[in-house]
There are 2 protein chains.
Amino acid sequence: MLDACRPVRLTLSRIGDKWSVLIVMALCGGPRRFNELKRAIDGISQRMLTLTLRGMERDGLISRTVHPTTPPRVEYALTDLGRTLREPIEALGQWAVENESRIRAAQERFDAAG
Amino acid sequence: MLDACRPVRLTLSRIGDKWSVLIVMALCGGPRRFNELKRAIDGISQRMLTLTLRGMERDGLISRTVHPTTPPRVEYALTDLGRTLREPIEALGQWAVENESRIRAAQERFDAAG
DNA sequence: CTGGATCCGCAATGATACTG
DNA sequence: CAGTATCATTGCGGATCCAG
């Protein structure tokens, strides 16, 4: 079990950032263009979208295909590897949904205790 | 599925930091004292251990019990809620182990392509 | 032993302007 | 449209000193 320490840390350093998971979610429905992603992911800056997409492309999680038209059309999509990430991510999401209220309750108790 | 966006982000902001997962791992075997944790988790500073433990205690993931002896003895342990986190974390760990080589290969391909 | 308090550096993120 | 480049800002994390 402690064998999982290092890989978990590596994975978290990949998808634990502020935007990667949201990008995975946004791409679940199929390929999306750059500005489609920008609009879909509320609050992300152009810069961070570019950087995060690059990193995920480097890790083989997403693919980037350029259609040489004018104006340029660039589509991002989950790779097979990227799609497999959905499962553990959704496990985490399910945990979060199931325990959201308990966490909030714990926080309020803690804050009240001072 | 997109319902999971917000909770996943919240969860990641909790356990996506540099040390939380390692603390969960370290506490899997039972309660640990402050300095036991410090020794078990290589590279963590006193400050970050304190801060991370506080945050996790606030979220109800771990408990902190003080034995009023001299010298003081403080034990940290996973709560029931904290133990349930192990499952999705291990799912992530398993994904990481299974796909580590594919990720490295993708990175090398990407870097080679320049 | 178990922290709290303080200072500091660096990396991550954001805002803005510019380009093919 | 899809970026790149630059600057400003913020917060995380480390180092150090101090205390019950």
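Letters A, B, ... mirror the listed sequences (proteins, then strands); counts begin at 1. All values below were derived from every heavy atom in this structure, side-chain atoms included, with hydrogens, water molecules and symmetry-related copies excluded.
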Contact class for Lys18(A) (heavy atom, under 4.0 Å): base, sugar-phosphate, or nothing?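 Answer is sugar-phosphate: Lys18(A) comes under 4.0 Å of backbone atoms only.
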Exercise: do Arg64(B) and Tyr76(B) side chains pair donor with acceptor under 3.5 Å: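 Yes, Tyr76(B) and Arg64(B) have a side-chain donor paired with an acceptor closer than 3.5 Å.
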Please tell me whether Trp95(A) and Thr11(B) have a donor and an acceptor in their side chains that are separated by less than 3.5 angstrom.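 The criterion, which ignores hydrogens and geometry beyond distance, is not satisfied for Thr11(B) and Trp95(A).
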Quick one: [X] [atom1] to [N] [atom2], roughly how many Å, whole number?
{"X": "Leu49(B)", "N": "dA15(D)", "atom1": "CG", "atom2": "C1'", "value": "16 Å"}
{"X": "Arg14(A)", "N": "dA12(C)", "atom1": "CZ", "atom2": "C1'", "value": "18 Å"}
{"X": "Met48(B)", "N": "dT2(C)", "atom1": "CE", "atom2": "P", "value": "19 Å"}
{"X": "Leu51(A)", "N": "dA5(D)", "atom1": "CG", "atom2": "P", "value": "11 Å"}
{"X": "Gln46(A)", "N": "dT13(C)", "atom1": "CD", "atom2": "P", "value": "17 Å"}
{"X": "Phe34(A)", "N": "dT4(D)", "atom1": "CZ", "atom2": "P", "value": "8 Å"}
{"X": "Asn35(A)", "N": "dC1(D)", "atom1": "CG", "atom2": "C1'", "value": "6 Å"}
{"X": "Lys38(A)", "N": "dA2(D)", "atom1": "NZ", "atom2": "C1'", "value": "11 Å"}

Would a distance-only check, ignoring hydrogens and angles, find a side-chain to backbone donor-acceptor pair under 3.5 Å from Ser20(A) to Asp17(A)?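 Flag not set: sc Ser20(A) to bb Asp17(A) has no pair under 3.5 Å.
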Closest nucleotide among dG3(C), dT4(D), dC1(D) to the Pro71(A) side chain: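 Output: dC1(D).
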From the set dA2(D), dG14(D), dG14(C), return the single nucleotide nearest to any side-chain atom of Trp19(A).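 Given the options dA2(D), dG14(D), dG14(C), the side chain of Trp19(A) is closest to dG14(C).
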Does a distance-only test, which skips hydrogens and angles, find a donor-acceptor pair under 3.5 Å between the side chain of Arg47(B) and the base of dT6(C)?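 Check passes, donor-acceptor contact within cut-off.
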Phosphate oxygens OP1/OP2 of dG3(D): is one of them under 4.0 Å from a side-chain N or O of Arg64(A)?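 For Arg64(A), the contact criterion (side-chain N or O under 4.0 Å from OP1 or OP2 of dG3(D)) is met.
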Presence of Tyr76(B) side-chain N/O under 4.0 Å of dC1(C) phosphate oxygens OP1/OP2: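 No.
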Pick the closest DNA chain D nucleotide for Gly43(B) and for Arg73(A) by heavy atoms, then say which residue is nearer the 5' end.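 Mapping each residue to its closest nucleotide by heavy atoms, the 5'-most match is Arg73(A).
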What do the steps show when you test Ile62(B) against Leu53(B) for side chain to side chain contact (heavy atoms under 4.5 Å, CB included), and what is the final call? CA-CA 8 Å; Ile62(B) 62 176; Leu53(B) 286 171; 3.4 Å; yes
Between Arg54(B) and Arg33(B), which is nearer to the 5' end of DNA chain C once each is assigned its nearest nucleotide?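 Whichever sits nearer the 5' end wins; that is Arg33(B).
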Derivation and outcome, salt bridge (Lys or Arg N to Asp or Glu O under 4.0 Å), residues Arg73(A) and Glu75(A): CA-CA 7 Å; Arg73(A) 175 189 187 85; Glu75(A) 286 201 330; 3.3 Å; yes
